[in-house]
There are 2 protein chains.
Amino acid sequence: MNVAVQLIGLDWGTSSLRAYLYDVDGNVVSTRQHAWGIRQLPEGSFSAALRAITTGWPPCIILAAGMVGSRQGWQEVPYVEVPADINVIAKGVMRNNACARHDMWIAPGLLQDSPANVMRGEETQIIGALSQQSEHRANVRFVLPGTHSKWVTVSDGRIAAFDTIMTGEIYALLMKHSILGAGMSVEDPQPVPNDAFLRGLHSARESGAAGAFSRLFSSRALMLNNQLDADDVPEFLSGLLIGEEFRIALVRDGGDSSVPLCLIGDLSLCNRYAVAATYFGYASPAIIGDAAAQGLWQLASAAGLHSHAKTYDFFGIDA
Amino acid sequence: MNVAVQLIGLDWGTSSLRAYLYDVDGNVVSTRQHAWGIRQLPEGSFSAALRAITTGWPPCIILAAGMVGSRQGWQEVPYVEVPADINVIAKGVMRNNACARHDMWIAPGLLQDSPANVMRGEETQIIGALSQQSEHRANVRFVLPGTHSKWVTVSDGRIAAFDTIMTGEIYALLMKHSILGAGMSVEDPQPVPNDAFLRGLHSARESGAAGAFSRLFSSRALMLNNQLDADDVPEFLSGLLIGEEFRIALVRDGGDSSVPLCLIGDLSLCNRYAVAATYFGYASPAIIGDAAAQGLWQLASAAGLHSHAKTYDFFGIDA
């Protein structure tokens with residue numbers, strides 16, 4: 001392989017680091033991934049992680065998005081307030097002066113004043129998703145399931161508002177540390193949700209305005225009462241908590257499930273959310289696997305980084 | 001001291017063991033308490049805990065209530081289904097055949113089929129509270145705040161229905177293990193709730209049908225946005241989660257806050273709930289500190305244990 005490359009993009013979150021090497025047209029030439037999130041750095045050092053993940057790559061200009069720009073990150077980059085489109089976000093991109101070896105830039109996160117909310121990294125994925133099918137998705141609700149699920153309203157191509165629901169973190173806490181998960185396997189749920197997942201969705205929907213928080217203990221009561229197998233508790237809880245996200249969404253939408261949804265993220269998790277979406281009356285959502293690579297390229301372009309990027313030859317097979 | 005005694009009552013929960021020695025009129029002559037809950041027994045043995053907590057007491061007949069009768073307890077005692085009054089519950093009291101040294105009996109827990117729910121120990125506290133002011137509380141909602149808060153509807157002197165909200169456990173999980181509590185002190189909240197607690201209550205009330213689960217992440221966003229001191233996060237979360245209990249209660253009550261409430265439990269926690277009650281429009285609730293001792297005596301009476309209890313002389317000062 002011998003291609004002209006000019007940008008490295010980093011999707012640098014709490015628990016993982018992904019690196020993309022782009023050719024001059026924005027095609028991803030090489031991808032690397034490691035568990036070097038900002039909380040688990042090699043030798044405790046951001047520069048060590050960056051050096052390791054880019055070994056053998058040319059010294060391109062770098063754009064990073066995600067928790068790397070947070071207060072606990074490499075260099076804090078102030079939030080940009082919503083509503084914001086790609087150009088407003090691009091104006092918030094800052095040079096990382098703490099990085100001596102590279103010409104490195106960091107994307108800002110987004111802030112919503114009321115209700116108070118923040119994100120770092122998801123905005124770049126949404127930019128990527130919008131660039132893929134901009135017309136279709138000018139007005140859409142993006143759902144990014146995960147530790148802190150984001151529900152993001154895009155209106156006329158701008159990120160207008162967003163919610164954060166701590167579904168993934170609450171699920172993990174309950175399974176690892178609570179009485180509900182006592183003695184249970186801490187494995188992730190199965191890729192294909194089963195009937196217990198549907199029972200959890202049902203319970204969340206039936207909880208009405210009281211909400212799934214009022215039903216959490218029922219998974220234990222059902223089990224003690226021999227109405228739920230202990231093995232099915234993880235799926236039931238997964239359904240109850242994901243169902244709660246959709247119950248909340250329906251409240252926000254005034255009960256109107258005609259809002260188009262688009263899922264971004266891990267495919268098996270997105271599949272789970274797609275089942276929940278149709279269960280709650282939404283149309284089957286589009287699923288986008290990884291939008292960060294496209295988003296980083298688009299954001300670098302809007303921030304003018306390409307204009308002073310040097311071009312390098314990239315030889316050889318990626319390690 | 002030289003009195004005639006005839007019953008030992010045990011309030012034996014997950015994390016603590018309380019023992020009461022009664023005279024022949026049901027007055028508590030002596031009280032002991034230890035952290036020997038069923039999950040932290042001395043030498044891993046129920047009988048060792050019982051022997052230690054009753055050292056020096058006469059070999060009276062014993063009635064125990066709480067998790068000691070659960071599947072993880074000393075001997076499982078089947079649940080009694082609601083609605084149930086003291087006589088129905090008393091019929092479920094079983095002899096503990098696993099205890100060789102004592103004539104020991106264990107109270108059953110209560111089970112609600114739909115929505116699925118269980119309790120063990122709280123029913124005995126409610127029996128005690130009802131015996132104290134039976135007329136006044138024949139129709140009342142008892143609230144027992146704690147790890148798994150119980151909201152118990154008493155109608156015509158019977159326990160008719162109940163909810164469990166995992167407020168205390170969720171609070172502890174969030175403070176100890178989640179991003180919201182990262183770097184925070186794990187101390188319990190202050191005895192007197194402050195303004196941040198009221199902000200949390202307010203946020204729960206304002207969350208409407210979406211519920212406080214949709215607002216959990218806001219404590220972090222407010223902090224990052226310099227609208228909430230890091231020191232105030234524990235109080236804010238306490239208010240948000242306790243407020244969620246009252247938001248749920250109002251939904252269950254169809255928005256009618258004229259339902260009389262009565263709090264049973266730890267006084268500083270009950271004070272916190274009393275503040276929340278009035279914030280959500282309920283009349284200031286009565287507070288009962290410890291109703292278990294009275295409940296055990298009443299339940300022993302209804303179960304006919306007194307009729308074949310022997311009387312012993314109890315000399316000397318309690319250890």
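Within every chain, numbering begins at 1; the chains are lettered A, B, ... in the order of the sequence lines, protein sequences first and strands thereafter.
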Discussion item. Below 30° counts as parallel, above 60° as perpendicular, anything between as tilted: where do the rings of B:Tyr273 and B:Phe246 land?
Written reply: tilted

Discussion item. So for B:Val251, is it side chain, backbone, both, or neither that comes closer than 4.5 Å to the heavy atoms of chain A?
Written reply: side chain

Discussion item. Using ring centroids (six-membered ring only for Trp), state whether B:Phe46 and B:Trp12 fall under 6.0 Å.
Written reply: yes

Practice prompt. Flag the one option from B:Leu222, B:Leu228, B:Ile170 with the top tally of heavy-atom pairs under 4.5 Å to chain A.
Written response: B:Ile170

Practice prompt. Among the options A:Asp163, A:Leu174, A:Thr147, A:Ile248, pick out the one with the most heavy-atom pairs lying under 4.5 Å from chain B.
Written response: A:Ile248

Item to complete: Decide whether A:Gln227 and B:Asp113 meet the rule of one side-chain donor and one side-chain acceptor closer than 3.5 Å.
Response: yes

Fill in: Nearest-0.5 Å distance that lies between atom CZ in B:Arg247 and atom CG in B:Leu201
13.0 Å

Worksheet item: Is it the backbone or the side chain of B:His148 that comes under 4.5 Å from a heavy atom of chain A, or both, or neither?
Response: side chain

Worksheet item: Do B:Trp151 and B:Phe142 have ring centres separated by under 6.0 Å?
Response: no

Discussion item. Only pairs of heavy atoms separated by less than 4.5 Å count here; which of A:Leu250, A:Thr167, A:Leu216 has the most with chain B?
Written reply: A:Leu216

Discussion item. I need the residue from A:Arg252, A:Arg215, A:Arg71 with the largest number of non-hydrogen atom pairs under 4.5 Å to chain B.
Written reply: A:Arg71

Worksheet item: Which region of B:Glu76, side chain (C-beta onward) or backbone (N, CA, C, O), has a non-hydrogen atom less than 4.5 Å from a non-hydrogen atom of chain A, or is it both or neither?
Response: neither

Fill in: Pairs of heavy atoms under 4.5 Å with chain A: top-ranked of B:Gly208, B:Pro115, B:Ser178
B:Ser178

Discussion item. With a 3.5 Å distance limit and no angle check, can you tell me whether A:Glu81 reaches the backbone of A:Gln112 through a side-chain donor-acceptor pair?
Written reply: no

